[in-house]
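Since the structure is predicted, the reported quantities are computational estimates derived from the model, not experimental observations.
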Amino acid sequence: QVQLAESGGGLVQTGGSLRISCVSSRPTFNAYGMGWFRQAPGKEREFVGSASFIGGTTYYADSVKGRFTISRDNAENTVYLQMNSLKPEDTAVYYCAYKWSLERGGHFSTVAFYDDWGQGTQVTVSS
């Protein structure tokens, strides 16, 4: 069973930066892609950004575009989410998810697209 482990969350002030990581127990060099999602208390899990490893492209939600960046370290089976200019509304538990192969269709921005999920890491932005 694949394990995904997020880390690096914490408390940061408005305008600050944070980088969270997602380490996979399965080699990621041939994965189809991955996504970052977040969930605030009382809200549904929402799409933050994704990376298509086959196409080499990234895609971000409008709410984080220009502030968040996804990067990847294949040697470490790790993906990062660099978050800059953080706002209180960014406060949530952040989850990473992987899509290993395109056996079925779907879109990177949907929860159902992904095969495996991490347990999440809390990010809190104080005002």
Any donor-acceptor pair under 3.5 Å from Thr57 side chain to Gly55 backbone: no

Short side-chain to backbone donor-acceptor contact, Arg72 and Thr28, under 3.5 Å: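 At least one qualifying donor-acceptor pair exists.
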
Minimal non-hydrogen separation, [X] against [Y], with atom names:
X: Gly118; Y: Glu6; value: CA-OE2, 3.2 Å
X: Gly120; Y: Val93; value: CA-CG1, 3.8 Å
X: Asn77; Y: Pro27; value: OD1-CA, 3.4 Å
X: Ala5; Y: Gln119; value: CA-OE1, 3.6 Å
X: Ser85; Y: Ser17; value: N-OG, 4.3 Å
X: Ala51; Y: Phe108; value: O-CE2, 3.8 Å

Pair Tyr32 + Tyr114: ring centers closer than 6.0 Å: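 Ring centres of Tyr114 and Tyr32 not closer than 6.0 Å.
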
Output field: ring centroids Tyr59/His107 closer than 6.0 Å: yes

Approximate separation, where rounding is to 0.5 Å, of Gln122 CD and Arg38 CZ: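 Rounded to the nearest 0.5 Å, the CD-CZ separation comes out at 12.0 Å.
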
Other residues, nucleotides, ligands: >12 heavy atoms within 6.0 Å of Glu46 CD: yes

Enclosure of Lys43 NZ (heavy-atom neighbours >12, cutoff 6.0 Å):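 Counting neighbours around NZ of Lys43, 12 or fewer heavy atoms of other residues, nucleotides or ligands fall under 6.0 Å, so no.
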
Within-4.5 Å side-chain heavy-atom neighbours: Ser7 and Val23: no

Whichever hydrophobic residues join Leu86 through chains of side-chain contacts under 4.5 Å: Val2, Leu4, Val12, Leu18, Ile20, Met34, Trp36, Val48, Phe53, Tyr60, Val64, Phe68, Ile70, Val79, Leu81, Met83, Tyr94, Tyr98, Trp100, Val123, Val125

Option among Phe113, Tyr95, Phe47 that satisfies the ring pair (Phe, Tyr, Trp, His ring centres under 6.0 Å) test with Phe37: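 So the option named by the test is Phe47.
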
Salt bridge (Lys or Arg N to Asp or Glu O under 4.0 Å) evaluation trace for Lys87 with Asp90: CA-CA 5 Å; Lys87 306 174 182 180; Asp90 294 319; over 6 Å; no

